[in-house]
Amino acid sequence: MVSQPYVYRRAELAEPDWRRFPAWSGVTAAEWESAQWQRAHCVKNLRQLSAVLGPGLSENFLADLGRDQRERATMSMLVPPQMLNTMVPRLAPDEPGFTAAFYADPVRRYMIPVFSDRRPDWPSHPYASRDSLHEAEMWAVEGLTHRYPTKVLAEVLPTCPQYCGHCTRMDLVGNPTPVIDKHKFGLRPTDRLTAMIDYLRASPGVRDVVVSGGDVANLPWPRLEAFVSSLLDIGNIRDIRLATKALMGLPQHWLADDVRAGLERLAAKARDRGVSIAIHTHVNAAQSVTPLVARAAQAMLDTGIRDVRNQGVLLHGVNDTAEALLDLCFVLLDEARIMPYYFYLCDMIPGSEHWRLSLAQAQDLQHQIMGYLPGFATPRMICDVPYVGKRWVHQVSRYDTELGISYWTKNYRTSVEAGDELALSREYAYYDPIHLLPAAGQRWWRERTAELAPAAAQVTAAG
Ligand code: SF4
């Protein structure tokens, strides 16, 4: 008998024992479950990481991390204990092989990137750029991206409780790093939110608002509640999605009594008005789904919101196999009642080549995962094409696999193309990582390096 490519097995969730880390050996369950304790004990630098993990983590790893932070990192370090505890979940730092397992860990690979992870040949694609999706260009008012005709993205704040190495919004989100300065909002936070609400009141064509950042878990609850409540007062808004990776990274936040009670009030108001509120989270690896994460997701559903959905990112060394993706989708769906929804190709930001997959790899992964999950929970692989928007990976109109250039078209005008007659007939390009191309394609790109040098310099320069 020939076996199936993937065999489903139900996962049993277990919270990894945080007491295996020397600095947390005396931390109680009550402390661990406190959002305040988690926020106060986030790991923000090399010294704190070393203090938490102790001498079991090699000096070489720390030097590798230090070099990355000085020369490559586009995001500063911020890892809540909850997330750190899901790395190498079954090994204590003083056990043999810990550093090697830490290097190989999927969550470590995107939350605590080190210099040796990155491509030495092409750390960045020549066409990589800050704000690679041109969101700021499409701001209707500061922080409100109006890209699609019927929906908007509201970036309500530029911070998160955790910083991911591959963050698409590295231009705006988080603290500056030695190589990347951050764009700063000009308006005061309350004025920015007011301007967004005013714009939406005057925009009857918009029915769907993604409330994001950053991560909405960092907005003080009363301010988030007031903002969402104002959205609910606008008659044409029918869908509201709250974007928060913290549902996984800091589930303690969403389990706090005041937050649950507040979301319950919003869910009741939404229900009265026939509006759907959903939480969209960002989980990339099955090991991130712990009992606390499942409890937080259930608590959100219990408030009466419509759904909790996952938008992950396809990352090499993290989740780039069908098995890893299916394990993740099943644990989300079966154990946490989180709906698998999208997996994005990692966007073309500086320093991301070692994480990025080619379009062909994403198409193959889509093919490989079909048929195992229920259709409604089978995530779509998505390429977010600059100036186009989200496209399913099979929607490509032309694909030069030797040069790694895919061409895409679209069926709507973004807010910056109101007068552009050719917007719907033009093709827009997206680029595969060069190191994955055949030799002839790699040579083509190398020969053009000099020609592309100004663009490459522009994207790697600070500020
Ligand atoms: S949580 Fe989202 S916005 Fe925040 S750093 Fe991660 S990817 Fe970026």
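Atoms within a ligand are numbered from 1 in the order they appear, just like the ligands themselves.
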Among side-chain atoms of Gln252 and Trp37, is any donor-acceptor pair under 3.5 angstrom? no
To the nearest 0.5 Å, tell me how far Asp171 CG sits from Ile349 CD1. 10.5 Å
My understanding is that only residues two or more places apart in sequence, or in another chain, count here; which of them pass salt bridge (Lys or Arg N to Asp or Glu O under 4.0 Å) with Arg47? none
Strictly under 4.0 angstrom, heavy-atom based: which residues surround ligand 1? Met75, Cys160, Gln162, Tyr163, Cys164, Cys167, Gly214, Lys245, His282
Mark yes or no for whether Asn310, through its side chain, and Met339, through its backbone, hold a donor-acceptor pair below 3.5 Å. no
For the pair Trp24 and Phe21, name the ring-plane relationship: parallel under 30°, tilted 30 to 60°, perpendicular over 60°. perpendicular
Within the 3.5 Å criterion, strictly below it, is a donor on Asn85 or Glu15 matched to an acceptor on the partner's side chain? no
